[in-house]
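In the text below, chain A, chain B and the rest are named by the order of the sequence lines, each starting its count at 1.
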Protein chains: 2
Amino acid sequence: MDAPMDNDGKLKCSIEYTLKKIGGKWKTVILWHLNVDGTLRYNALRRLLPGVSHKVLSQQLKELEEDGFIHRVQFNSIPPKVEYSITDFGKTLMPILEQMHVWGTEHGSLE
Amino acid sequence: MDAPMDNDGKLKCSIEYTLKKIGGKWKTVILWHLNVDGTLRYNALRRLLPGVSHKVLSQQLKELEEDGFIHRVQFNSIPPKVEYSITDFGKTLMPILEQMHVWGTEHGSLE
DNA sequence: CAGTATCCATCAGGATACTG
DNA sequence: CAGTATCCTGATGGATACTG
């Protein structure tokens, strides 16, 4: 292996690093949607992810934002409005997501 | 989105299907090693994954085998000997892992 | 509308000891 | 050597109610 190894048992491989970043249950799908649709409001996003709760969605969005993958714009209007979009950095993940999408489409049955 | 959706809130997107398959903490790394090294015995694999326990390693290996990603050959010798290798089907995951590896290498600091 | 706050369930993952 | 068998823990995710 060529990735940075450490002896504290923390990071063993660059693949693991990537997995840690996008391994959240909804992160890949959120990024995928934002990349396709461009910009989405909170509730629009929520409707696209059947089953996600408020807590989890905002959590995942916050982490994605902290990692620089998505951009959050808040309009101080009434009613409130928040728009999410993917950043250029977030787009660097697209090759991975595309491969995952291709594979999942080819091999994922309806289970 | 184009992937199969269902109304039970089970599978929403083919990306999620993929993530479910390889999202285990060690699965990607195991596959990566097996693809690089060809064939590895149980303990050799263990040495390559600092921090993994017996239980978790055999669990992940079993799941990978059940999913058809890896091949397990057991020699009924004394002492016992078991060899793991990646299957052709497992190799279909390589484009994903390669992209993950590239991204992780480029953006993963040592944290 | 777009979130927190709270509380709870689940389970993947880990430590350790034992076994064929 | 290559595993199970137990037991345990913390992180992740979920339901629901409340809020600016």
Side-chain angles (χ1 to χ4, degrees), chain A residues 8-13 15-17 19-30 33-34 37 39-67 70-85, chain B residues 7-13 15-16 18-30 33-34 37 39-67 70-85 111:
Chain A
D8 316 334
K10 279 196 139 192
L11 192 63
K12 279 121 302 196
C13 168
I15 289 184
E16 279 186 88
Y17 178 81
L19 193 59
K20 254 193 132 66
K21 289 293 181 184
I22 61 172
K25 185 163 174 186
W26 304 93
K27 291 187 180 176
T28 51
V29 198
I30 292 172
H33 277 298
L34 288 179
D37 296 345
T39 296
L40 287 170
R41 296 179 63 173
Y42 180 85
N43 272 332
L45 213 36
R46 228 191 141 212
R47 256 172 268 119
L48 289 173
L49 310 177
V52 75
S53 73
H54 276 302
K55 180 200 152 189
V56 174
L57 178 55
S58 45
Q59 211 171 257
Q60 305 262 307
L61 286 171
K62 188 173 290 183
E63 288 175 21
L64 287 171
E65 193 195 356
E66 285 170 358
D67 283 335
I70 66 174
H71 196 213
R72 179 181 185 274
V73 181
Q74 178 169 353
F75 299 85
N76 283 321
S77 56
I78 296 179
K81 178 173 163 185
V82 179
E83 285 185 348
Y84 291 94
S85 55
Chain B
N7 34 18
D8 315 334
K10 279 196 138 192
L11 193 63
K12 279 121 303 198
C13 167
I15 289 185
E16 280 186 88
T18 306
L19 192 59
K20 254 191 131 65
K21 290 292 182 182
I22 61 171
K25 184 162 174 187
W26 304 93
K27 289 186 181 176
T28 52
V29 197
I30 292 171
H33 276 297
L34 288 179
D37 296 345
T39 297
L40 287 170
R41 298 179 62 172
Y42 180 84
N43 272 333
L45 213 35
R46 230 194 138 208
R47 257 171 268 121
L48 290 174
L49 309 177
V52 75
S53 73
H54 275 303
K55 180 203 154 190
V56 173
L57 178 55
S58 46
Q59 210 171 258
Q60 305 262 308
L61 286 171
K62 187 173 290 181
E63 289 176 21
L64 286 171
E65 192 196 357
E66 284 169 358
D67 284 334
I70 66 174
H71 195 213
R72 180 180 184 276
V73 181
Q74 178 169 355
F75 299 85
N76 283 320
S77 56
I78 295 181
K81 178 174 164 185
V82 179
E83 285 185 348
Y84 292 93
S85 55
E111 291 216 336

Please tell me if the side chains of [X] and [Y] come closer than 4.5 Å, counting only heavy atoms from C-beta onward.
X       : Y       : value
A:Lys21 : A:Asp67 : yes
B:Leu40 : B:Ile30 : no
B:Thr18 : A:Thr28 : no
B:Gln74 : B:Asn76 : yes

Please state whether the phosphate of C:dA2, meaning OP1 or OP2, lies under 4.0 angstrom from any side-chain nitrogen or oxygen of A:Arg41.
-> yes
Would you tell me if any nitrogen or oxygen in the side chain of A:Tyr84 comes within less than 4.0 Å of OP1 or OP2 on C:dG3?
-> yes
Length of the [atom1]-[atom2] vector between [X] and [N], whole Å:
X       : N      : atom1 : atom2 : answer
B:Arg46 : C:dG14 : CZ    : C1'   : 11 Å
A:Leu49 : C:dG3  : CG    : P     : 14 Å
A:Leu19 : C:dA12 : CG    : C1'   : 13 Å
B:Leu64 : C:dA12 : CG    : P     : 14 Å
B:Arg47 : D:dG3  : CZ    : C1'   : 15 Å
B:Ile30 : C:dG13 : CD1   : C1'   : 13 Å
B:Leu45 : D:dC1  : CG    : P     : 15 Å
B:Tyr42 : C:dG20 : OH    : C1'   : 15 Å

Pairs flagged by side-chain hydrogen bond (donor to acceptor under 3.5 Å, both in side chains) wherever residues 40-50 of chain A is involved - sequence neighbours left out | A:Tyr42-A:His54, A:Arg46-A:His54
Test log, rule side-chain contact (heavy atoms from CB on, under 4.5 Å), inputs B:Leu34 and B:Tyr84 = CA-CA 7 Å; B:Leu34 288 179; B:Tyr84 292 93; 4.2 Å; yes
Give DNA chain C the dot-bracket treatment, 5' to 3': Watson-Crick (N1-N3 with N6-O4 or O6-N4) or G-U (N1-O2, O6-N3) under 3.5 Å, [ ] crossing, | other strand.
-> ||||||||||||||||||||
Return the minimal non-hydrogen interatomic distance between [X] and [Y], and the atom names on each side.
X       : Y       : answer
B:Leu49 : B:Leu57 : CD1-CD1, 4.0 Å
A:Ser85 : A:Thr39 : CB-OG1, 3.8 Å
B:Trp26 : B:Gln60 : N-OE1, 3.2 Å

Where the side chain of B:Lys25 is concerned, which of C:dG3, C:dG13, D:dA2 is the nearest nucleotide?
-> C:dG13
Would you jot down, in residue-number order, the residues of residues 53-63 of chain A having a non-hydrogen atom under 4.0 Å from DNA chain C?
-> A:His54, A:Lys55, A:Ser58, A:Lys62
If you round to the nearest 0.5 Å, how far is CD1 of B:Ile15 from CD1 of A:Ile22?
-> 9.0 Å
Sequence neighbours excluded, the answer for side-chain hydrogen bond (donor to acceptor under 3.5 Å, both in side chains) partners of A:Glu66 is none
With B:Glu63 via side-chain hydrogen bond (donor to acceptor under 3.5 Å, both in side chains) - residues at least two apart = B:Lys27
Toward the 5' end of DNA chain C, which comes first, A:Val82 or B:Gly23, by nearest nucleotide?
-> A:Val82
Residue-level proximity of residues 71-80 of chain B to DNA chain D when a heavy atom falls under 4.0 Å | B:Arg72, B:Pro79, B:Pro80
